[in-house]
Amino acid sequence: MRNTYAINTTRGKEFEVERELKAMGLQPWVPRRLDSRYVKEKRETVWYDRPYVPKLLFCVVPAICWRGIYDLKHVIGKPMQLSRLDIEGDSGRGTPGLRDFQEAVNAEYLDAQRLMENSQYQCQYRPGQALVILKGAFEGLHAKFQDTVQRAHDDYAKLRVSVEILGRDAPIELEPDQVGEI
């Protein structure tokens, strides 16, 4: 990660600059956040990407590409080179670096994607259908689908299934991505 630079851009043009840098053969990273908003006219939630840190992206820039970066329309000022400490952080002092930030942002983005997929879930199971639990405390157990449950405080519908535990059927609620068909 030598020659890593922080590049300042015009607000709202981060993804456009990212595309232009990719066209130059570089591998820029724009920290992304997956957000949603409810559109009253459509009566649905719309999901979209937005920059986690406005006006900023990171890129490893070889010396041969410098002139091309200065010529990009929405790049503001001179890109700032990051030091090893900026990239790695200082674990002794508890100071996070760019890599730690990148891991945290990517983990948050994956959680938001999972929330988006679960919120857009359309139940395809029939009552009484046999399922297998893929994740969680009951992983590997067989279950029977009962119905879906949507509460006002939940972001998305959950599945109510029954699992046989100690010879009795126990009702449990699972997230849609926690079960699969047998």
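- More than 12 heavy atoms of other residues, nucleotides or ligands shown are found within 6.0 angstrom of CD on Gln124.
- Looking at Asp177 and Leu134, their side chains never come closer than 4.5 Å, going by heavy atoms from C-beta outward.
- The shortest distance between side-chain heavy atoms of Glu88 and Arg99 falls below 4.5 Å.
- A side-chain donor-acceptor contact under 3.5 Å links Asp100 to the backbone of Gly97.
- A salt bridge does not link Glu14 with Lys55: none of the charged nitrogens is closer than 4.0 Å to a carboxylate oxygen.
- Residue Tyr5 is grouped with residue Val17 when hydrophobic side chains (ILVMFWY) are merged at heavy-atom distances under 4.5 angstrom, including chains of intermediate members.
- The CG atom of Leu131 sits 12.0 Å away from atom CD of Gln178, with the distance rounded to the nearest 0.5 Å.
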Would you sort out whether Glu175 and Arg114 count as a salt bridge (charged side-chain N to carboxylate O under 4.0 Å, His left out), showing the intermediate values? CA-CA 10 Å; Glu175 296 181 8; Arg114 183 171 168 259; 2.2 Å; yes

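- Looking at heavy atoms from C-beta onward, Tyr109 lies out of side-chain contact with Pro31 at the 4.5 angstrom threshold.
- Asp111 places no side-chain N or O within 3.5 Å of a backbone atom of Glu108 that could act as its donor or acceptor partner.
- Annotation for Gly128 and Lys144: closest pair O-CG, 4.2 Å, computed over non-hydrogen atoms.
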Yes or no on side chain to side chain contact (heavy atoms under 4.5 Å, CB included) for Glu173 and Val149, after CA distance, side-chain angles and deciding distance? CA-CA 8 Å; Glu173 290 181 10; Val149 179; 4.2 Å; yes

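- For the atom pair NZ (Lys73) and CD (Glu20), the distance works out to 9.0 Å, reported to the nearest 0.5 Å.
- A continuous path of Ile, Leu, Val, Met, Phe, Trp and Tyr side chains, each step under 4.5 Å between heavy atoms, connects Leu21 with Trp66, placing both in one hydrophobic cluster.
- Residues Ile76 and Met80 do not share a hydrophobic cluster, defined by chaining ILVMFWY side chains whose heavy atoms lie under 4.5 Å apart.
- Under the 4.5 Å side-chain heavy-atom criterion for grouping Ile, Leu, Val, Met, Phe, Trp and Tyr, Leu141 is not connected to Val132 through any hydrophobic cluster.
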Could you please spell out the steps behind the side chain to side chain contact (heavy atoms under 4.5 Å, CB included) verdict for Arg32 and Phe15? CA-CA 10 Å; Arg32 296 173 189 270; Phe15 299 132; 3.0 Å; yes

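- In summary, of the residues considered (Leu57, Leu98, Thr4, Val60), a side chain to side chain contact (heavy atoms under 4.5 Å, CB included) with Trp29 occurs for Leu98 alone.
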Test Val46 against Tyr38 for side chain to side chain contact (heavy atoms under 4.5 Å, CB included), laying out the working first. CA-CA 6 Å; Val46 176; Tyr38 183 76; over 6 Å; no

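- The two atoms that bring Leu34 and Met116 nearest to each other are CD2-SD, 4.2 Å, heavy atoms only.
- Heavy atoms from other residues, nucleotides or ligands lying under 6.0 Å from CD1 of Ile64 number 12 at most.
- His142 and Ile182 make their closest contact through ND1-CD1, 2.9 Å (heavy atoms, listed as atom of the first residue, atom of the second, distance).
- Considering all non-hydrogen atoms of both residues, Pro176 and Leu159 come closest at CA-CD1, 4.0 Å.
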Begin with the C-alpha distance, continue with both residues' side-chain angles, and end with the deciding distance and a verdict on side chain to side chain contact (heavy atoms under 4.5 Å, CB included) for Val75 and Asn8. CA-CA 6 Å; Val75 172; Asn8 196 14; over 6 Å; no

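- Tyr125 and Glu181 share no donor-acceptor pair across their side chains, judged by distance under 3.5 Å alone.
- Counting only heavy atoms from C-beta outward, the side chains of Arg160 and Thr148 never approach each other to under 4.5 Å.
- With contacts defined as side-chain heavy-atom distances shorter than 4.5 Å, the pair Ile7/Cys59 qualifies.
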Could you walk me through whether Phe101 and Tyr52 pass the ring-ring contact (aromatic ring centres under 6.0 Å, His included) test, one step at a time? CA-CA 11 Å; Phe101 176 64; Tyr52 199 92; 5.7 Å; yes

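- When every heavy atom of Pro54 is checked against every heavy atom of Arg11, the shortest pair comes out as CB-NH1, 3.3 Å.
- Looking at every heavy atom in both residues, Gly94 comes nearest to Pro96 through O-CD, 3.4 Å.
- Using a 4.5 Å heavy-atom threshold, the side chains of Cys65 and Leu26 count as touching.
- Residues Asp49 and Arg33 are not paired through a salt bridge, judged by the lack of any N-O separation under 4.0 Å between the basic side chain and the carboxylate.
- In this structure, the side chains of Val161 and Ile172 come closer than 4.5 Å at one or more pairs of heavy atoms.
- No side-chain heavy atom of Asp35 sits less than 4.5 Å from a side-chain heavy atom of Trp47.
- Residues Leu82 and Ile69 are members of separate hydrophobic clusters, defined by side-chain heavy-atom contacts under 4.5 angstrom among Ile, Leu, Val, Met, Phe, Trp and Tyr.
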